[in-house]
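Here is how names work: the chains are called A, B, and so on, in the same order as the sequence lines, proteins then strands, and each is numbered from 1.
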Amino acid sequence: MRGTMRRLKILTWVVGTSFLLILPWLIPTRMHVAVIALYYAILASSWALLAGYGGQFSFAHMAFAGLGAYTAGLIDKFIRLTTAPTYACTEFPLGSWWLVIQDTASPTCLEKAKATMPMGALIVKLPAWMDILMGVVVGGLFGLLIGALVLRLRRTYLALFTIAFAEILRTAINAERDITGGPGGLKLSPLFPNGVTLLGHEFTAADKLPPYLVMLGLFLLVMALMYWLAGSRFGLFIRAIREDEEAAGSLGVDVVRYKILLFTITAMIAAAAGGMYAHYVRVIAPNMMVIKEMSVVIAMAVIGGMESLLGAAIGAIIIEFALEQLRSNITIGAFTLNMADWRLVVFGALLMITLRFWGNGLIHPIIQRITRRGVAEETVAKRLQPRAATEPEDDTRVKIPASPLEPDP
Amino acid sequence: MEFPTIFWYTVLWLIVWGAVGALVTPRVYARKDKFTYQTGMLGAFVGAALGPIGLILLWRLTPAVSAKWLGASGIVVLLWLALAFAKAAPNNLCVTNGSFIATQIANGLVIGAIYGLMALGLTLIFSILGIVSFAHGEFYMLGGMVTYYATQIWFPNLNPLLGVLIAALFTFALGAIFELLFLRPMITGQIERPGEYAILVTFGLAFFLQYTTLSLVGASPKKVPRFFDYPRWKLPAETGGLLKVTPGNLTFFDAISIPSARFTALIIALVLLFVLLYFLYRTWTGKALRAVSQDRQAAAVTGINPKRMNTLAFALGGMLAGISGAALVQVFSWVPWVGIPASSRSFVIIVLGGMGSLPGAFIGGLILGVVEALGAGCVPDPHRAAAYLPAYGMIILVLVLLLKPTGLFGREL
């Protein structure tokens, strides 16, 4: 019985992964949408872990993605590594390298320093993975601070606070034009500035396949991490907290600490997705953090199924493709519907209706039906077996079940 | 213009000693076996106001916490801030020009009254239904939009007050319909997790309303001319030293100037506030509403139908936001996402005033209005000052959550 389930799970993973791997050859012209869909899938499923498993409703998930993206972008814009000191910018020795910061007070210091630097001195940007990592750290720090401030209160406070925080962060980035470029956006270098060679094929920096594979790798990594978390003691604790905070606390779960931990982890995942996205699209604007984006992510998670990480991810991928399909205007007689706006109305209505009538989402029940096929019958059949075969008849003592919070031996 | 560092050092000094006070004071009170309730807040205030000397005195004397001590030390903190600001930016209008500050504060109070009215709607919903409506800003936006269409497009030359009335009816009906369709199932047990559902479904409503409005009316800003032009008038008749009225402006005492559009909005807000208070405290339905907010079961026993009260509260709350929007549509230009900052503002206000407290919401609105007006007027770089308008509320929110999460008038959590 457990063996079948296990095999089914492995099968799902293998089939899903190989499908996503061959997707580029199925839809070579829509690779951009595929990358963006994976980006949303990471965000929606990590939001589902936070809200569906943990019951903590944050509206700042896109803000964390934006923090990751802007941290990566600002490092890309302002920080360089050189092999020789510049004596003009703010700089710190770092082994045999120097970490150079060109701040807004001296934007051209590096240009000036080039004349005085020895021949052959290198000036390079940090590699993309390093600024994405820094973005993750910054996202995690903000998650920790906000969590420590708000998560000891009732759950509405988190929603209230994060919605305000997201708005402020966006206005701040809009206002600080000198640093962030404001609404005009911030340019980044591509994920692979010098191109990359895969299986003997040369890809340039503009090709979509390498970023797709990297995004896919991040997606699979995040999914594996989240499934591992959800299946561990940690997952048990956060589900207990969602069901009943007081009860979980009285059974010895450090409620606030686990809530903060969960919030920080999902913030870091969002920041990682944001950093990757920034290096892929190469121009980021504060618009990536508007409430609309957050609403779309929530709609994806809810329609996919908030209580299932896989459901939320599939929901995100389907909805992103659907949103792209629905872009073209519809003309009925003399009346033209501007679908760029109306499609969002459709998803808003779908979000509300799904919440009202299918609390588990639309995709999660289908997954359940497939993966749990036959489980009910099997359980019933097991119950119907004569008990004498398994238990001695004279044992009439009441069995106290092991505490649900203890790990299996 | 670079803002001098003396101000930031002062702020840092206040924060450091405030934090020391907040963290250590409860322990000192506990060791002396005294009541520790709210001593963290007192410690923070005294630490920020008087630094180490004040803290040592506080720990020696350990007086009982009272509003007197809190208020006095709070005022000293504000004085320090003002002093540091004056020292740092001696040429700022806020320092050199008293009438400018008075005008800013007066305008802040006027706008704050309307914020308060809007937050009153949100707090009414919270006290009866126990949920926070994340679509509150969208009711505000729709109130303004409907007023614009009623008075400018559908019926030109309509009396603006009738436009406000139409907006009120529209938002009331919308609130009632939404409550019946989506929130009623929560109390009849058709929804598995009502608390989580309420957050998401109202958020979904906000998204839906925003994009429906955008699709229907477009993104271009709408502007409504001021509702009423006031007749020219002076008091005393020759000099106008007390009050000078022109069609677009009112000047009190030759110093405080309030645009007449804002003044009209204030009058609407005050009238509505008194009508609301009369309704809540003098009519049967209003008393029934307050009874439900105090104890659902007991109210039901006395013959009040709590389900109908839920619908009424949500519709009324939406209507209050709608009227606030209708009153302000003549002051600001109107776009479909004008509700987003407005709803964050209401959230700040209800947390500041205390969740579910009606007077708290109104007073919180006034406080936020003044803080925003001073922030917008006094921050040296005018471009930034306007851009950071929502951030001033955020600072208040963080301070309240740190020091007194129950808010000014909140019930204990």
Side-chain angles (χ1 to χ4, degrees), chain A residues 51-52 55-57 59 146 149-150 152-161 163-172 174-177 182 242-243 290-292 294-296 298-299 301-302 306 337-357 359-360, chain B residues 126 130-132 134 178 181-182 185 190-193 195-216 218-219 336-337 340-341 343-348 350-351 355 381 383-391 393-395 397-398 401-402 405-406 413:
Chain A
Q56 307 306 318
F57 286 83
F59 293 126
I146 295 178
L149 178 64
V150 196
R152 54 204 168 97
L153 306 169
R154 269 184 296 178
R155 73 162 55 115
T156 320
Y157 281 91
L158 179 68
L160 293 178
F161 190 87
I163 206 168
F165 169 74
E167 232 1 62
I168 306 295
L169 186 68
R170 195 177 65 82
T171 19
N174 255 329
E176 297 295 335
R177 272 159 220 240
R242 183 199 186 191
E243 294 301 333
V290 289
I291 300 285
K292 178 205 120 190
M294 191 66 236
S295 316
V296 169
I298 290 177
V302 167
M306 243 177 26
L337 281 181
N338 179 8
M339 283 312 282
D341 297 333
W342 278 109
R343 62 194 174 135
L344 294 168
V345 177
V346 171
F347 280 100
L350 192 59
L351 167 64
M352 283 160 65
I353 293 169
T354 310
L355 275 169
R356 168 69 185 80
F357 295 104
N360 286 335
Chain B
F126 181 79
I131 65 167
V132 172
F134 285 87
F178 176 75
L181 286 180
F182 285 96
Q190 286 164 278
I191 302 290
E192 214 175 316
R193 299 171 196 277
E196 303 182 357
Y197 169 81
I199 294 177
L200 286 183
V201 84
T202 51
F203 188 76
L205 176 71
F207 180 49
F208 176 75
L209 289 180
Q210 246 176 58
Y211 278 87
T212 314
T213 315
L214 176 66
S215 309
L216 289 173
W337 39 87
I340 297 173
S343 55
S344 321
R345 222 171 252 141
S346 303
F347 301 154
V348 172
I350 60 164
V351 174
M355 300 269 261
D381 180 350
H383 167 66
R384 288 215 175 112
Y388 281 118
L389 205 56
M394 191 73 176
I395 296 171
L397 184 62
V398 171
L401 288 180
L402 276 174
T406 50
L413 285 181

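- The contact between B/L402 and chain A is made by backbone and side chain atoms together, counting heavy-atom distances below 4.5 Å.
- For A/L160, the parts lying under 4.5 angstrom from a heavy atom of chain B are both the backbone and the side chain.
- Using a 4.5 Å cut-off between heavy atoms, B/I131 does not touch chain A at all.
- Proximity to chain B is limited to the side chain of A/I298, based on heavy atoms less than 4.5 angstrom apart.
- Atom OG1 of A/T354 and atom CG of B/L200 lie 11.5 Å apart (nearest 0.5 Å).
- Annotation: side chain of A/W342 is not in contact with side chain of B/L214 (no heavy-atom distance under 4.5 Å).
- Distance check, rounded to the nearest 0.5 Å: OH of B/Y388 to CG of A/N174 gives 9.5 Å.
- Taking B/L209, B/V348, B/I340 one by one and counting their heavy-atom pairs under 4.5 Å with chain A, the maximum is reached by B/I340.
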Dump the intermediate steps for side-chain contact (heavy atoms from CB on, under 4.5 Å) on A/K292 and B/W337, then the final yes or no.
CA-CA 10 Å; A/K292 178 205 120 190; B/W337 39 87; over 6 Å; no

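- Screening B/V132, B/V351, B/L397 for a side-chain contact (heavy atoms from CB on, under 4.5 Å) involving A/Y157 leaves a single residue, B/V351.
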List the steps and the verdict of side-chain contact (heavy atoms from CB on, under 4.5 Å) for B/F347 and A/T156.
CA-CA 10 Å; B/F347 301 154; A/T156 320; over 6 Å; no

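- In this structure, the portion of A/V302 lying under 4.5 Å from any heavy atom of chain B is its side chain and not its backbone.
- With rounding to the nearest 0.5 Å, the separation of OH in B/Y197 from CZ in A/R356 is 5.5 Å.
- For chain B, the option among A/A349, A/G348, A/S295 with the highest count of heavy-atom pairs below 4.5 Å is A/S295.
- Atoms CZ and CE, on B/F178 and A/M352 in that order, are 5.0 Å from each other to the nearest 0.5 Å.
- Taking CG of A/L344 as the start and CD of B/Q210 as the end, the distance is 10.0 Å to the nearest 0.5 Å.
- Contact record, A/G55 with B/E196: CA-OE2, 3.6 Å, taken as the closest heavy-atom pair.
- With A/E167 as reference, B/S344 is the one residue of B/P390, B/S344, B/S343 to meet the side-chain contact (heavy atoms from CB on, under 4.5 Å) rule.
- For B/R193, the part lying under 4.5 angstrom from a heavy atom of chain A is the side chain only.
- If you measure heavy-atom distances from A/I168 to chain B, the contacts under 4.5 Å come from the side chain alone.
- Proximity of A/V345 to B/F207: side-chain heavy atoms (C-beta onward) are nowhere separated by under 4.5 Å.
- Using a 4.5 Å cut-off between heavy atoms, B/L401 touches chain A through backbone and side chain atoms alike.
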For B/F203 and A/I163, run side-chain contact (heavy atoms from CB on, under 4.5 Å): C-alpha distance rounded to whole Å, both residues' side-chain angles, the deciding distance at 0.1 Å, then the answer.
CA-CA 10 Å; B/F203 188 76; A/I163 206 168; 3.9 Å; yes

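- Residue A/F165 touches chain B through both its backbone and its side chain, counting heavy-atom pairs closer than 4.5 Å.
- Ring centroids of A/F59 and B/F134 are separated by less than 6.0 Å, placing the two rings close together.
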